Visitor: 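Have a look at the structure that comes next, please.
Computed from a predicted structure; not experimentally measured.
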Amino acid sequence: MFEFYMKNKGIYLILTICYILIIFYLSSLPGSSLTIGTSKTERVFWNLGHIPFYGILALLLTITLRNKKKANSGFLKSNWLVLIIAVGIAILDEINQARVPGRSASIIDILFDSIGIITALWITRIC
């Protein structure tokens, strides 16, 4: 499995970059083009979607930044790096979204993004 990863490391980098571009594309859509419900329940479900979306980003970053050595300290260092990069992307995504007509930035969105990131990192830690 590790040999497959080392031979195809560039593919994981490309997948990660494409996923980040998709995140920024979606946050660039004007509010008028989105069909988000007006009820609180619909908004909560929409916000909960941030959790798996950013969890997948954290998993892609984890795979992309993985080293040959699987030493515990190296793994923890890469988890911190993934956390910093992924939360940074979440913050930049909200800043980008604030500049789009009909959209706004939200600390709650960053909180849900962070929950997804931390959950994914926790899963990779125990697996």
Visitor: Mind checking side chain to side chain donor-acceptor pair (under 3.5 Å) for E94 and listing every partner two or more places apart, or none if nothing turns up?
Guide: none
Visitor: Hydrophobic cluster mates of L21, side-chain heavy atoms under 4.5 angstrom, ILVMFWY only, any path?
Guide: L13, I17
Visitor: Show which side-chain atoms of residues 52-60 pair as donor or acceptor with protein atoms under 3.5 Å away, not counting sequence neighbours.
Guide:
from: Y54; atom 1: OH; to: D93; atom 2: OD2; distance (Å): 3.1

Visitor: Holding to side chain to side chain contact (heavy atoms under 4.5 Å, CB included), I want the full list of residues that pass it with I118, two or more places apart in sequence or in another chain.
Guide: L83
Visitor: Take a 6.0 Å sphere around CZ of F24 and say whether it holds more than 12 heavy atoms from other residues, nucleotides or ligands.
Guide: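 Buried by this count: over 12 neighbours within 6.0 Å.
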Visitor: Taking all atoms of both residues into account, what is the closest heavy-atom pair of V87 and I117, and its distance?
Guide: N-CD1, 3.8 Å
Visitor: Would I110 end up clustered with I84 when hydrophobic side chains under 4.5 Å apart are linked, directly or stepwise?
Guide: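 Result: no, two separate clusters.
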Visitor: Can a side-chain donor-acceptor contact be found between T124 and T62 if the only test is distance below 3.5 angstrom?
Guide: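 Not at all, the side chains of T62 and T124 share no donor-acceptor pair under 3.5 Å.
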Visitor: Could you work out, with side chain to side chain donor-acceptor pair (under 3.5 Å) as the rule, every residue matching N96, not counting sequence neighbours?
Guide: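 With neighbours one apart ignored, the set is S27, S28.
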Visitor: Not counting sequence neighbours, which residues clear side chain to side chain contact (heavy atoms under 4.5 Å, CB included) with L111? List them please.
Guide: I115
Visitor: Which heavy atom of N79 sits nearest to which heavy atom of R125, and what is that distance?
Guide: ND2-CD, 4.4 Å
Visitor: What residue pairs, at least two apart or across chains, pass side-chain hydrogen bond (donor to acceptor under 3.5 Å, both in side chains) with a residue in residues 105-116?
Guide: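 Every side-chain hydrogen bond (donor to acceptor under 3.5 Å, both in side chains) pair that includes a residue of residues 105-116, provided the two are not neighbours, is H50-D113.
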Visitor: Counting only N and O atoms by type, is there a donor-acceptor contact under 3.5 Å from the side chain of Q97 to the main-chain atoms of R103?
Guide: no
Visitor: Other than I123, which residues form its hydrophobic cluster under the rule that side-chain heavy atoms must be closer than 4.5 Å?
Guide: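 ILVMFWY cluster around I123 also holds W122, I126.
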